[in-house]
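Heads up, the thing below is written out as C-alpha cells.
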2 protein chains.
Amino acid sequence: MQTAHASLSTQIAPNAALLRNTPASRTTPELGTARTVAKDEEVFAEGDRAAYFYKVVSGAVRTFKLLSDGRRQIDAFHLPGDIFGVESGDEHRFSAEALGDATIIAYRRCSLDVLASRDQAFANQVIGSMMRSLERAQDHMLLLGRKHALEKIATFLLVLSERLTEGSHVDLPMSRIDIADHLGLTIETVSRSLTQLERQGIIELPAHRRSIVLRDKAALERLEA
Amino acid sequence: MQTAHASLSTQIAPNAALLRNTPASRTTPELGTARTVAKDEEVFAEGDRAAYFYKVVSGAVRTFKLLSDGRRQIDAFHLPGDIFGVESGDEHRFSAEALGDATIIAYRRCSLDVLASRDQAFANQVIGSMMRSLERAQDHMLLLGRKHALEKIATFLLVLSERLTEGSHVDLPMSRIDIADHLGLTIETVSRSLTQLERQGIIELPAHRRSIVLRDKAALERLEA
DNA sequence: CGATCCTTTGAAGCACCTCAACGCCGGTGG
DNA sequence: CCACCGGCGTTGAGGTGCTTCAAAGGATCG
C-alpha cells in the first residue's frame, strides 16, 4: 500500500504494517507518550474526561461498561497495535483496565484536521481502527444476542486464535471472569463449556490454566453456528 | 462553535468544518441517487459487493446478520438521516431491508480522500455517523450481554422515544419480531414484557398495536438498570 | 507451606424459550 | 356488507439452558 487509498471501506488497508507497532515502520511522528500500566490498573474510567486516546504496545487491555448493580460487559479486548479510547463526546463512555502488565502509548486527543494534516497515515490508522472496532462490535452483537454458550465459546476461541495464536496453542491473556463478562455468560458456564469441548477432544486444557490448545479447529468452526 | 474543532471525538460536530481548506467553490453537493424501497424489500444482502452506501431519507431500515439455522440479530434500526452500509472490506457484512416503504439515497462508494476533498462536510458526516454507530453498538452489547428482558424493553423504549417521539407517543416502525431480534429475545417475551409494563401503568398499548404511549418515563429509567 | 485466588464441579432454581392455541385486525372477494 | 382468510400479537403451559448457590480442588505467591 503506497498511497493508502483511504477508501471508505479500505482505509484500514490490509497492510497492517503501519498499525502494528513494528519498530521497522516507526515512521514517527505521532507524538504520544508511553505509559506502563500494571495488572488490573485503570487506564481511564467511564465518565472521565477524554483527554487522550491510546494504542496498545504490549500486553492487553479490556474496555467495559458496568450496570448499577455491578454487572459488567466487556465490549472488547485490545491487543498490541489496537487503538482504544477514541470518543466522539468529551467523556469516555466506558472504562479501560490492563489485563496484565502492559505498555501503551497515550495520544493527546486532537482535532481530526490537525491530525490529518500532521500525519495522514496515522489519521487513517485511527479511522481504520474505528472501523474494525465497529465490525467486531457488530459480529459480537450476533454472538451476544443469538448464540448459545457452546457457540459463544467456539467463536471466542477461533477469533482469539486468529489474533494471537502460535500454532494451535493459544495463550489467554484474560481470566475466566473476563471471558464470561465478554461473552455474556457466567464463569461457571464458561468453565463447563470448556470442559465439555475438552471431553470431546476438540481442545486441550493444560494444567497451566491460562492456555488452551486447539486440537480441532474444524470442529470449532462447525460449532460456531 | 464556529470553528468546529473536528476533534477525534467531535468530528461529528454539528458544524462540519473543513479539514483542509478547500476552495469554497467546490461545494458540490454529494451526488447520490434516490431510491425507493417497498416494505421488507432488500437494499443489499450480506456478501453483496459493497458498491454503495446509503442514507435514509424517510421510513426506516433494519440491518442484520443471520446464523446458518436462521437465527437473526438486528444490529440497528436506521431512521431518517442515518447512514448505513459503509464497509471497510469490499463486501457488505450484513443485510439491509426496509421496515416499511422507505426512500433512501445511494452514494457510490469511494475513497475517503476523494470524498474529503470533494465535500468535506459530507465526509465528516459519514465519519460521524460511523462513530455514532459504534457508540450505539457498544451500548447495545451491554444490553444484549447483561440486561434482563424487562431492562432490555425499557432501554429500547427510551432510546426509541428519544429518536422519534412526539410527546410521549411512540410510533413503532417495526414489528414484534424485529424488536425481539434486536434485543435478543423471542416475540413472546417481548409481548409479555410489554404487557407487564402496561399492567404496572408504565406504558399504554393502544388497540393500534404499532404504537405505544410512555406514561412514566422515570419508571422506565429506573427499570433500565 | 499456608493463604488466597482462580477454576472446576455439583445440585437446585429460575428466566426465558418452545410449543400451542386463541384473538384481533385488515384485506379480499363474493 | 359480511364471511373468510392470513398475518401479527397475546396468552398459557411446560421444558430447558443457563444461572445461582455451594463447596472442593489446584495453582501461585508470599
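Each chain gets a letter, A, B and so on, in the order the sequences are listed, and its residues count up from 1. In this text the structure is predicted, and so the values were computed from the model without any measurement.
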Is there a donor in the side chain of B:Y52 and an acceptor in the side chain of B:R109, or the other way round, less than 3.5 Å apart? no
If you look at every strand shown and take non-hydrogen atoms under 4.0 Å, does B:S175 touch a base, only sugar-phosphate, or nothing?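 Sugar-phosphate contact only - B:S175 comes under 4.0 Å of backbone atoms but never of a base.
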With nearest nucleotides of DNA chain D determined for A:G184 and B:I177 from heavy-atom distances, which residue corresponds to the more 5′ nucleotide? B:I177
For chain B, the stretch of DNA chain D it reaches, first to last nucleotide, under 4.0 Å of its heavy atoms: D:dG9 to D:dA13
How close do B:A98 and B:A38 get, counting heavy atoms only, and between which atoms?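 Where B:A98 meets B:A38 most closely, the heavy atoms are CB-O, 3.5 Å.
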I need the minimum non-hydrogen distance between A:I179 and A:M174, along with the two atoms involved.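 Taking every non-hydrogen atom into account, CG1-CG, 3.7 Å.
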Under 4.0 Å from any atom of DNA chain D, heavy atoms only: list the residues of residues 150-158 of chain A that qualify, in numerical order. none
So which of residues 66-76 of chain B are in contact with DNA chain D, with a heavy-atom cut-off of under 4.0 Å?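 Close to the strand, none.
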Please check: side-chain N/O of [X] versus main-chain N/O of [Y], any donor-acceptor pairing under 3.5 Å?
| X | Y | result |
| --- | --- | --- |
| A:S133 | A:S129 | yes |
| B:E198 | B:L205 | yes |
| A:S68 | B:A225 | yes |
| B:T63 | B:A96 | no |
| A:S95 | A:E46 | yes |
| A:S191 | A:E188 | no |

Does atom CZ of B:R71 have more than 12 heavy-atom neighbours from other groups under 6.0 Å away? yes
Every protein N/O within reach of nucleotides 20-28 of chain C N/O, cut-off under 3.5 Å:
none

Using atom [atom1] of [X] as one end and atom [atom2] of [N] as the other, report the distance to the nearest whole Å.
| X | N | atom1 | atom2 | value |
| --- | --- | --- | --- | --- |
| B:K147 | C:dA15 | NZ | C1' | 18 Å |
| A:I187 | C:dT9 | CD1 | P | 13 Å |
| A:R209 | C:dT8 | CZ | C1' | 8 Å |
| A:I212 | C:dT8 | CD1 | C1' | 14 Å |
| B:R176 | C:dC17 | CZ | C1' | 18 Å |
| B:H148 | C:dC17 | NE2 | C1' | 16 Å |

B:Y54: what forms a ring-ring contact (aromatic ring centres under 6.0 Å, His included) with it, not counting sequence neighbours?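 Per chain and number, B:Y54 pairs via ring-ring contact (aromatic ring centres under 6.0 Å, His included) with B:F44, B:F84.
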Got a salt bridge between B:D181 and A:R146, using NZ or NE/NH1/NH2 to carboxylate O under 4.0 Å?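 Looking at A:R146 together with B:D181, the answer is yes, because their closest N to O distance falls below 4.0 Å.
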Rounding to 0.5 Å, atoms CG (A:L99) and NE2 (A:H78) come to a distance of 9.5 Å
What's the spacing between A:R215 CZ and A:I202 CD1 if we round to 0.5 Å? 12.0 Å
Between A:R146 and A:T189, name the one whose nearest nucleotide on DNA chain C is closer to the 5' end.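 The residue whose closest nucleotide sits nearer the 5' end is A:T189.
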Using a 4.0 Å cut-off on heavy atoms, which residues in residues 192-203 of chain B reach DNA chain C? List them by number, or say none.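 Contacts with DNA chain C under 4.0 Å: B:R192.
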How would you list, by chain and number, every residue that makes a salt bridge (Lys or Arg N to Asp or Glu O under 4.0 Å) with [X], sequence neighbours excluded?
| X | value |
| --- | --- |
| A:R192 | none |
| B:D139 | A:K65, A:R93 |
| A:R49 | A:D90 |

With sequence neighbours left out, what residues match B:L66 under side chain to side chain contact (heavy atoms under 4.5 Å, CB included)?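 Scan of B:L66 (side chain to side chain contact (heavy atoms under 4.5 Å, CB included), adjacent residues dropped) gives B:F64, B:R72.
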According to ring-ring contact (aromatic ring centres under 6.0 Å, His included), does anything in residues 125-153 of chain A pair up with another residue at least two apart or in another chain? List the pairs. A:H140-A:H182
Net bend of the helix from C:dC1-D:dG30 to C:dG30-D:dC1, end axes of five pairs each, nearest 10 degrees: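 Answer for the end axes of this duplex: 30°.
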